[in-house]
Amino acid sequence: MASNGISHVNGSLAKVITCTAAVAYGPGQPLVVEQVQVDPPQKMEVRIKILFTSICHTDLSAWKGENEAQRAYPRILGHEASGVVESVGEGVTDMKEGDHVVPIFNGECGDCVYCKSSKKTNLCGKYRVNPFKSVMANDGKCRFRNKHGDPIYHFLNTSTFSEYTVVDSACLVKIDPHAPLDKMTLLSCGVSTGLGAAWNTADVQTGETVAVFGLGAVGLAVVEGARTRGASKIIGVDINPEKRIKGQAIGITDFINPKEIDVPVHEKIRELTGGGVHYSFECAGNLEVLREAFLSTHDGWGMAIILGIHPTPILLPLHPMELFDGRRIVASVFGDFKGKSQLPLFAKQCMAGVVKLDEFITHELPFEKINEGFQLLVDGKSLRCLLRL
């Protein structure tokens, strides 16, 4: 349970909250559920009470410490969540106490040259996704402390594995108060990233063909996006045979297990589609898979879209001349959604049933069982495990 204390911040009285959080102390070590102190929000920051948070593969990669350059401990991970505003810092005018909100790792300040670029990019000059960032942008300090008063680092602009967290207002989206907050957690990352890649990055049209490599939550969100756009063929590719059933429930028309065929995957896809798909989506974070995804697209107009996180320092497995046959390869960050501008409408579309969110939440656990939730993801048993705080 959270409790309030009083602390002097910027020369005035403000509340410090003591609450429960799951803290990572080292790569691969079980998260420690313990009491932490959460400072009040500073200028253009918001403190929110997290009601629901879920576990994403990006959290898993960070917990494992797969990229040594991104390690920072102790740290509060988590970036998919929903909750309510507890308090706002100086200068915040678009949110108030009690508002229902969703944190986003790829912020939008609305004022920089990137945010004003219309559809050219959804990155922000100051608050874009940055896995190396572990402190607040305002003053370079942490808003979390342990019982000894030592700082605890932030993660992906959000740090949602805590009853309370402080985020930059640019990384928080106000949503319809009638939206189901448990399902809205998915908009923080997985569903927005995958579905947005189909809607915004690829702009899939009725009758076009799609191949999705890796049927985790992001990959299945791509499937959902392609289905809602009327794709004529949606090919799911995964080495886990259990993903066939889940994929078919969401919308794949064909399933390929690379272990069950004796030809390269791209050859099988070209055979199924008469030359290759319009769009392929690499959601596995594997360079060999990326090459297959690229080669599975149709020459002349095919596009391969990278969504997977690649911790390896190895460069792209492509020769420049391979791009001269008209195929393209791009990456998509947060599904090319501008978070604060576009997610409120997306949330309403989800409420209206345009997107099926129920299929993505496969497990629910109380927050104190967060390590069990991580194990479900490690074992490939869950898409999203929802934690209730």
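Just so you know, these numbers come straight off a predicted model, no measurement behind them.
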### Task
May I ask you to decide whether Asp254 forms a salt bridge with Lys233, counting only side-chain N to carboxylate O separations under 4.0 Å?
yes
### Electrostatic pair Lys133-Asp168, nearest N-O below 4.0 angstrom
yes
### Message
Taking the side chain as everything from C-beta on, heavy atoms only, tell me whether Met184 gets closer than 4.5 Å to Phe52.
### Response
no
### Shared hydrophobic cluster for Ile250 and Leu307 (ILVMFWY, side-chain gaps under 4.5 Å)
yes
### Task
Please determine, by modelled atom types, if Asp39 and Gln37 share a side-chain donor-acceptor pair under 3.5 angstrom.
no
### Residue pair His178 / Asp176, side-chain donor-acceptor N/O under 3.5 Å
yes
#### Entry: Geometric class of the Phe161/Phe367 ring pair [parallel <30°, tilted 30-60°, perpendicular >60°]
tilted
### Query
So Phe105 and His79, would you call those rings parallel, tilted or perpendicular, with 30° and 60° as cut-offs?
perpendicular
### Task
Check whether any side-chain heavy atom of Val23 sits under 4.5 Å from a side-chain heavy atom of Ile76, and report yes or no.
yes
### Message
Is there a side-chain contact between Ile17 and Arg47 in this structure, where contact means two heavy atoms from C-beta onward sitting under 4.5 Å apart?
### Response
yes
### Query
Parallel under 30°, tilted from 30 to 60°, perpendicular over 60°: which one fits the rings of Trp301 and His298?
parallel
### Query
Looking at Arg227 and Glu224, does any basic side-chain N land under 4.0 Å from a carboxylate oxygen?
yes
#### Entry: Presence of salt bridge, Arg327 and Glu322, under 4.0 angstrom
no
### Message
Between Gln35 and Thr18, do the side chains contain a donor N or O and an acceptor N or O under 3.5 Å apart?
### Response
no
